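Just so you know, these numbers come straight off a predicted model, no measurement behind them. Numbers here simply count residues along the sequence, with the first being 1.
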Amino acid sequence: MSKTADTALPDPSRWKALVFIALAQLMVVLDATIVNIALPSAQHDLGISEGNKQWVITAYALAFGGLLLFGGRIADLWGRKRTFVVGLLGFAAASALGGAASGEAMMLGARALQGAFGALLAPAALSLLAVMFTDAKERAKAFGIYGAIAGGGGAVGLILGGFLTEVLNWRWTFFVNIPFAIIAAAGAYFVIREPAGARNRSTLDIPGVVLSTLGLVSLVYGFTRAESDGWSDATTVGLFLASAVLLAAFVFTESKVKSPLLPLRVLTDRNRGGVYLSLGLAIIAMFGLFLFLTYYLQIVKGYKPIETGFAFLPMIAGMIVGSTQIGARLMTRVAPRLLMGPGFLVAGVGMLLLTQLEVGSSYAGLILPAQVLLGLGMGTAFMPAMSLSTHGVRPEDAGVASAMVNTSQQVGGAIGTALLNTIAASATTAYITTHAAGSADQQALQLQAMVHGYANAIWWAVGILAAAAAIAFTLINTGRPGGVEGTGAGTAPADGAEEEIRIPVVAH
């Protein structure tokens with residue numbers, strides 16, 4: 001990169017663009033949870049069988065997780081702005097289809113389409129931030145806002161899902177996406193000015209697309225099957241084996257082809273690799289917790305769906321404060337690992353409090369302070385993680401690098417839901433077996449066993465967050481923006497891969 005790039009005037013519309021990018025990100029993230037609360041009502045109205053109801057969630061997860069790398073590469077090829085707008089309009093159309101669904105097939109098709117267009121939209125949004133915000137302090141603020149949305153959007157979905165389902169009906173959990181998408185698409189079309197010269201016009205790596213999509217779909221579906229049918233189920237084991245073979249073949253292919261879908265230099269940089277791995281682990285812990293707290297509050301405490309959603313507000317507030325007030329303010333002063341590592345540890349302390357969960361636990365005395373610590377810790381860690389996910393990448397790789405951080409979150413969510421739910425279920429069964437003979441009140445025993453299972457699984461989540469912190473401290477060695485940076489493994493300064501993205505020309 002030339003030195004004149006550093007003195008180039010930034011895009012004057014970048015902060016307006018951030019509003020529409022953040023709106024689109026909120027729509028995608030909250031859609032991952034908003035449908036969960038509406039699912040029982042939709043299942044009843046559409047006559048979806050008990051065995052097929054999970055596919056309302058799974059169809060979205062498979063399409064989204066399986067196509068993310070492809071979506072990131074399309075963003076690099078087409079241009080991020082064009083991909084972003086197409087993704088928004090497609091997501092709006094798929095949401096309209098879901099809201100108007102008259103049967104099971106139409107609903108499942110709409111969910112798969114939502115996932116596919118989400119896979120275009122999510123990496124395009126993050127990579128737009130990467131190429132538009134090049135000043136270290138501004139970049140920190142922008143990623144602080146984005147990180148807060150990425151972390152707290154799922155909890156917002158629980159609130160909005162509960163409100164729409166109770167006050168209107170389940171169809172509005174789909175229709176609500178349409179104004180979000182149209183406003184964001186119109187704003188993006190007129191406001192975003194993508195820097196020129198940042199596209200990757202190489203031919204599309206078709207073998208890489210096929211292998212990565214099939215490998216990721218097998219992996220995500222394997223964890224989904226494990227949750228419902230068990231880890232020893234023949235189909236579950238077959239899916240994991242297929243995923244391992246396909247992803248190994250993908251890595252081998254990427255090392256040989258001239259224009260790979262995922263250049264291995266994106267992964268082998270120790271800072272980006274550390275982000276993908278530590279963030280994926282943290283998401284495993286977080287998604288499991290969302291599931292347990294939702295069930296605990298509704299089944300054990302008897303909260304209504306909308307009350308459950310509002311009960312997550314302290315976590316959202318903590319994430320916003322952690323991202324915008326702690327992470328964004330400190331990112332230009334301290335090295336990212338000194339935000340990510342402690343952030344994961346603070347979240348781990350919040351999770352540790354929840355291991356004390358009992359049937360009669362007080363919301364104000366236990367759950368609220370635990371959520372505040374979780375939110376503060378994760379918000380502080382998420383912000384530098386999102387920024388570092390595109391740390392030092394070549395401009396033509398920004399889309400696929402952004403897709404990798406989304407992929408780590410998506411796979412982490414699938415693992416967290418399946419793994420921690422399985423641990424909780426096993427502990428619950430063992431507790432009932434041990435205490436059944438001495439209990440006269442079977443309903444009380446069931447509730448006690450359920451909470452015992454949650455507490456056991458949350459212990460695992462504490463350990464997973466500790467592992468995420470250890471990885472952040474060990475692998476991430478870049479200095480603060482503008483300071484002295486460590487040398488990332490797998491990259492060399494000579495090829496420009498260690499420079500921040502600074503692109504002087506703005507296309508109009």
Side-chain angles (χ1 to χ4, degrees), residues 33 147-148 150-155 158 277-298 300-301 308 311-323 326-327 339-359 361-385 408-409 411-428 450-473:
T33 53
L158 294 172
L277 188 54
S278 61
L279 192 60
L281 286 172
I283 293 293
I284 289 175
M286 285 296 291
F287 264 66
L289 181 72
F290 277 150
L291 182 72
F292 297 147
L293 273 187
T294 300
Y295 278 115
Y296 175 79
L297 292 171
Q298 289 194 23
V300 179
K301 292 296 190 183
T308 302
F312 281 97
L313 274 177
M315 189 183 299
I316 299 172
M319 284 182 175
I320 292 171
V321 172
S323 287
I326 300 175
L339 290 173
M340 290 182 64
F344 289 140
L345 290 177
V346 169
V349 172
M351 198 75 79
L352 188 64
L353 287 179
L354 289 173
T355 60
Q356 307 306 307
L357 204 62
E358 296 177 353
V359 172
S361 292
S362 161
Y363 176 84
L366 178 67
I367 298 172
L368 189 149
Q371 283 197 59
V372 170
L373 286 173
L374 276 161
L376 284 173
M378 295 298 276
T380 300
F382 267 39
M383 193 279 301
S408 69
Q409 291 182 77
V411 172
I415 295 172
T417 303
L419 176 63
L420 296 182
N421 199 40
T422 303
I423 291 168
S426 298
T428 298
M450 185 185 299
V451 175
H452 173 78
Y454 295 161
N456 266 267
I458 290 170
W459 272 110
W460 280 77
V462 172
I464 290 168
L465 282 172
I471 289 168
F473 279 125

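Every residue was checked against the side chain to side chain contact (heavy atoms under 4.5 Å, CB included) condition with Ala466, not counting sequence neighbours, and none meets it. Ala370 meets the side chain to side chain contact (heavy atoms under 4.5 Å, CB included) test with Leu353, Leu354; sequence neighbours excluded. Taking Ile283 as the reference, Phe287, Phe382, Gln409 meet the side chain to side chain contact (heavy atoms under 4.5 Å, CB included) condition, with sequence neighbours excluded. Remark: Pro342 pairs with Phe473 by the side chain to side chain contact (heavy atoms under 4.5 Å, CB included) rule, at least two apart or across chains.
Atom CG in Leu465 sits 10.5 Å away from atom CG in Leu352 (nearest 0.5 Å). Interatomic distance, CZ of Phe344 versus CG of Leu281, reported as 8.5 Å (0.5 Å rounding). The distance from atom CD1 of Ile367 to atom CE of Met315, rounded to the nearest 0.5 Å, is 10.0 Å. The CD1 atom of Ile464 sits 5.5 Å away from atom CD1 of Ile284, with the distance rounded to the nearest 0.5 Å.
Here the shortest heavy-atom pairing between Ala364 and Pro369 reads O-CD, 3.3 Å. The minimum heavy-atom distance linking Ala385 with Leu279 is given by the pair CB-CD1, 4.3 Å. Across Pro384 and Met340, no two heavy atoms sit closer than the pair CG-CG, 3.7 Å. Heavy-atom minimum distance, Leu376 versus Thr380: O-OG1, 2.8 Å. Minimum heavy-atom separation, Pro314 to Leu368: CG-CG, 4.1 Å. Taking all atoms of both residues into account, the shortest heavy-atom contact from Tyr296 to Val359 is OH-O, 3.5 Å.
The backbone N or O of Gly379 lies less than 3.5 Å from a partner atom in the side chain of Ser323, making a donor-acceptor pair. Tyr363 places a side-chain N or O within donor-acceptor distance of the main-chain N or O of Ala311, the cut-off being under 3.5 Å.
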Taking only distance into account, with no hydrogens and no angle test, what donor-acceptor pairs under 3.5 Å do side-chain atoms of residues 420-428 form with protein atoms, sequence neighbours excluded?
unit_1	atom_1	unit_2	atom_2	d
Asn421	ND2	Glu227	OE2	3.2
Thr422	OG1	Trp231	NE1	3.1
Thr422	OG1	Ala418	O	2.6
Ser426	OG	Thr422	O	3.0
Thr428	OG1	Ala424	O	2.8
Thr428	OG1	Ala449	O	3.2

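With Met351 as reference, Ile458 is the one residue of Val346, Ile458, Leu373 to meet the side-chain contact (heavy atoms from CB on, under 4.5 Å) rule.
Within the structure, side chain to side chain donor-acceptor pair (under 3.5 Å) contacts touching residues 343-358 (residues at least two apart or in different chains) do not occur.
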